[in-house]
Structure formats: structure tokens, C-alpha cells
Amino acid sequence: MWNGIDREKLKWLTIFSDNKIRNNSLLSFSKMRRREFLKNTGLGAGSLFAGSSLASFLVSCTKTGMMNSGNMNMSGQPQPVAEGDFNRLLPIPNLVTANTTLNAQATKANIKGSTISVLGYQPNGLLGPTIRTESGFNANISFQNSLSENSNIHFHGLKIPADMDGHPKDTIAPAGTFNYKFIINQRAGLSWYHPHPDGDTASQVFKGLAGLFIINDSEETALNLPSGDYEIPLVIQDKRLSSSGIYYNPSMGEVMTGYMGETIIVNGEASPFAEVKTKFYRLRLLNGSNARIYNLALSNNADLTIIGNDGGLLKSPATVKNILLAPGERLDALVNFTGLTIGTEVFLQSNTFSNGGNAQGKQEFKILKFKVTQTESDPFIVPVRLSSFDPINASTSSKTRNFIINSMQMSGGMNMSMSGIHRINGKTYDKNRIDETVSANTTEIWIFDNSQGNEPHPMHLHGVHFQVLERSGGRGHLIASEGGYKDTVLVLPGEIIKVLVPFAEL
């Protein structure tokens, strides 16, 4: 679902160039068990995804590698959002432990009051359950593939062995099963899971397969952050709906800029509302869209207090009025409804933003309505300090690698081959080619260079968390969510991002 490098296996360094969440790759590793891979090369943990508009997600070509050529506009166009009426209650995915079963299946879901065909990890709805577990837990997740095509599960944000990570090559055939077994060996944070089969990632995620994965630990518990009804998981996605199901058939332009929908759904429902009290709430936010970037803000111009990102809690809270969230990225944010009167409505919305390429940031639209329904005193105070992790010193880096995101190159006439799109260092994905070799237990600086590009690219590494060191060009600075550790970073047109990646053996 993004573009990037698939981490676990050295012979595999091959980056995936996803037009967001797609399946086209660009750099490749090789297939070894994680320990052996890291031992020999050290790249076991990284998996880099870069997509056209969002780079780490899904999109675009069909299983045959050819795109729908019905739309010859190769520059791409914005897909306008049609706001709903915000009169349906926000659903909350059910909670399960990390000992569970996930069944990828064709099912039905009620969206906007109509029952349509979708994909899901459980019957009668989009998305899967939210997996919630403690750091140190031995996960045992049984996967059943009830689809008519190959699938698997990638645990986006988890630092786990390569053979458990859901690499695009490691798929389960229809009617097949697989047990994902691994130890949760990382700090508290919000991750997620989704299918990652080569050639079908984009369509499977767009049609409904995804879910949250929450890790807790003692450091986080000691902060007494809002919990229970005051901790709200929010999976934000856009879908293209028809009377019968979710429509997925990207044109040439959409392969470039990313496949986006006209309907914004949250937790599987279009334009929902949530009832809130006059208290602090903790929002656990995932951009689970294939390509769409959101510039999140509150309609009353209230603060969003960022306390965490992809890799867990920040050292200290950061207050913003708006913040960009790319596909695959997560945010942990506090919102304060104290002082508001009963009946007040506040919307989580996406504001316009610049430099998002041809198809992004052109429209302001509402995502979710909060309705204040009850007054209640709130003793909660935002902690001054959140976490005590130590940053890595950049001077420990043993090597710097440059990954240049190349502009699109057409081939094949009317039916343009996907292999010609969004290259990295001039190359497209080849599972039989090794591009990079990394030594285990080393730290490297990786540079994602989109200075010549005209589309945004979220870059995702599998199996590792990195520090974002600097951004030059474009925005020219890091944003509030880019402190601490991350696994996905947004590189807008004209930007160069430098990250520090520790390739520690698991």
C-alpha cells in the first residue's frame, strides 16, 4: 500500500512505487528469513513504499498490469468530496486481543443508508476489529482467506520478523490459512493492518480490508490519558460508491495522482456524528485512504494537541491548528470540549493546502461531526512530559543512501504499462533484482528526494521506526507530528526528506 522498500529480506531491496496504495514497486530485497537477512545485510527491518500521490498505498493498475485508458488526462484531476448530512452515529470497531482470527471475505455493509457489497475481515461491515494488546505479548493471529484471489496481512508499524510481516510475495491462496505469530516488542502506539498482495493491494484496501492495531505499555498508562468512551479510534477513508458496491477502476491520470473517492467515511460510515461531553477526548487517527491527504483541523479553530504519531508518544505535547496526515500515517491527538454549551456542533474537517500536486488540497470539506450532548466536569490536565525515549545521534550513521523519486515515464501507447510509472533512482520494481544491501545492527541516513517531482509521495519503511532529521524545499521544516519516531513520512513536490534509520536485529 505504499511505495517502498520491503524490509525483511535482503534480496529484496526493491522499492514499491505505489500510486498511493498500489502494488507497483520500485526497489527490492531478497527473500531470507529475517534473522538471516539482517545478519547478512541488516536491511531486514526496512520496507520503503513510495507512491504517486501518497506513496504507500494502493492504487492503480489491474492484475494484468494495464490501466484503464478511458481517461487520457495524464495530469490527473481532483476528485471532489460530496459532504453528507452527518446524521448517522459514528460506529466504533469492536475490540479483540492479539489472539484472534481475521477472515478476509466478501460481505455487505450499510453505508449512507444503503446496503452494498464490500470486503471485510468480519461479516456485515467494512474494516476489521481493532486489535488491542500490551507490549511484550505473544501475538497469534489466524488468517483465513475467503476471497477469490490471493491475499495476506501486513502489520503496518509493527517491528516483527519478515516472514510475519505480510510481504507482497508472501500471499495466501483462496481458501488458505496462515498463522501470524510474533512478540509485541515495541512501545505503546497506534499501528494498523491491511492486505499487501502484489497487484491487488490497492483494490482490496479500497474495498474495505483494514483495521487498527493498538499497543499499550506502562509508560503510557501512567499518564492517565483519556480512555474508555473518551478515547475514540478514527479510521478516515474516502470511497467511490455505486448502488451495488465500492467502485475501483483507476484511469491513467488516477494512476499518477492516486485513486480517490467522493465519499468520506469514518470507521466505515459516511459523514457520521459522535456525541461528546464537555471533557478532553483522545482521538486515535489513521489516514486509511489509498491516496487522499487530509489537512486536519477543527471547524471552531480550536487546538489539536498532538501527543503521538506513527511510532508512539512524543516527548512533549505540540499544539497546532491544522496538520497534514498522509495515507498510512497515524496521529494521537487531544481535543478539548470543555466550556462548550450543550448542542454545540464542532466538525473535524480537512482544510485546503498548497503544493499537493494536481489532485490534492483543492477543497475544504467536513469529515466528522462532534455534538456536545452533556456537561461534565473534567479534572484532566495535559501532561507537560509524555515520554522519555532517547533520540539517535546522527553521527552514528555508517552510510547515506539517496532515493530519487523520478517523474512518470509512459510506455505501451494507449495501454500504458504500470512498470513505467513513478520510478525510484530510475528503476521500477523487480522482485528478482537486489538494489541495496544493508548491514545488520547499523544506522543509516536515507534521503527521499522529490525535488523534481510534481506529486506527493508518502514513504513507508517496513519493520523499522526512523527519525525525521530535516526537510528542505517545499515546506522547508518538520511539522509537529514528525518528532519522535515514525514509519511513514510525506514528501511533497519539491521536497527532500532526510531520515535516520536504525536497522537493529529483532
Side-chain angles (χ1 to χ4, degrees), residues 1-7 13-29 46-61 74-76 202 253-259 290-291 293 324 326-329 355-361 400-411 416 418-430 433 435-436 444-462 466 468-476 482 486-499 501:
M1 289 199 162
W2 290 256
N3 357 341
I5 271 187
D6 237 325
R7 98 235 200 272
L13 214 168
T14 271
I15 281 179
F16 295 102
S17 169
D18 223 53
N19 231 7
K20 294 33 209 43
I21 276 188
R22 168 197 134 31
N23 325 211
N24 178 33
S25 309
L26 270 188
L27 253 155
S28 80
F29 291 124
S47 160
L48 180 102
F49 284 93
S52 125
S53 200
L54 296 182
S56 250
F57 242 163
L58 305 145
V59 269
S60 62
C61 73
M74 296 309 298
S75 65
E254 289 164 338
V255 168
M256 285 187 63
T257 59
Y259 192 69
N290 280 39
I293 300 168
L324 287 181
E329 287 190 300
N355 201 29
N358 294 311
Q360 299 270 11
T400 297
R401 299 178 193 264
N402 290 281
F403 299 102
I404 300 172
I405 303 168
N406 306 119
S407 57
M408 177 176 168
Q409 182 180 47
M410 290 180 60
S411 63
M416 185 172 64
M418 207 45 209
S419 65
I421 292 184
H422 295 294
R423 298 155 293 140
I424 296 178
N425 291 345
K427 300 174 183 177
T428 55
Y429 173 64
D430 182 348
R433 186 186 72 240
D435 297 309
E436 307 285 348
E444 296 192 352
I445 291 174
W446 284 20
I447 298 174
F448 305 133
D449 185 344
N450 196 24
S451 58
Q452 303 303 310
N454 55 13
E455 296 296 341
H457 295 266
M459 308 301 286
H460 167 55
L461 275 67
H462 284 212
F466 54 79
V468 185
L469 296 179
E470 66 179 56
R471 171 183 284 107
S472 59
R475 289 170 286 174
E482 291 174 337
K486 287 182 60 61
D487 58 55
T488 305
V489 64
L490 175 61
V491 190
L492 290 178
E495 294 185 347
I496 300 174
I497 300 286
K498 183 184 292 186
V499 302
V501 192

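All of these numbers come straight from a predicted model, not from anything done at the bench. All values below come from the heavy atoms of this structure, side chains included, with hydrogens, waters and symmetry mates left out. Sequential numbering from 1 along the given sequence is applied to the chain's residues.
The CE atom of M459 lies 9.5 Å from the CZ atom of F466; values are rounded to the nearest 0.5 Å. The CD atom of E455 sits 11.5 Å away from atom CD1 of I405, with the distance rounded to the nearest 0.5 Å. Considering CG of L492 and CD1 of I497, their distance stands at 8.0 Å, rounded to 0.5 Å. Of the inter-residue distances, the one linking H457 atom NE2 with E495 atom CD reads 11.5 Å to the nearest 0.5 angstrom. The structure places CZ of F448 at 12.5 Å from CD1 of I496, a figure rounded to the nearest 0.5 Å. Taking NZ from K498 and CH2 from W446, the interatomic distance works out to 15.5 Å, rounded to the nearest 0.5 Å.
Counting all heavy atoms, side chain and backbone alike, K486 lies closest to V468 at CD-CG2, 4.1 Å. Contact between P493 and G357 at its shortest, heavy atoms only, is CG-N, 4.1 Å. Between P456 and L490, the closest heavy-atom pair is CB-CD1, 4.1 Å.
Side chain of E329 to main chain of A326: a donor-acceptor pair is present (N/O by atom type, distance under 3.5 Å, no hydrogens or angles). Here the side chain of N425 pairs a donor or acceptor atom with the backbone of N402 at under 3.5 angstrom.
Looking at T400 and E444, their side chains never come closer than 4.5 Å, going by heavy atoms from C-beta outward. For the pair D449 and F403, the minimum side-chain heavy-atom distance is 4.5 Å or more. In this structure the side chain of L324 reaches within 4.5 angstrom of the side chain of I293, judged on heavy atoms. Between D487 and H460, the closest side-chain pair of non-hydrogen atoms falls below 4.5 Å.
Residues Q452 and N406 bring no donor and acceptor atom of their side chains to less than 3.5 Å of each other.
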For I424 and I404, what are the C-alpha separation, side-chain angles and deciding distance, and is it a side chain to side chain contact (heavy atoms under 4.5 Å, CB included)? CA-CA 5 Å; I424 296 178; I404 300 172; over 6 Å; no
Pair I447, R401 - check side chain to side chain contact (heavy atoms under 4.5 Å, CB included), show working. CA-CA 6 Å; I447 298 174; R401 299 178 193 264; over 6 Å; no
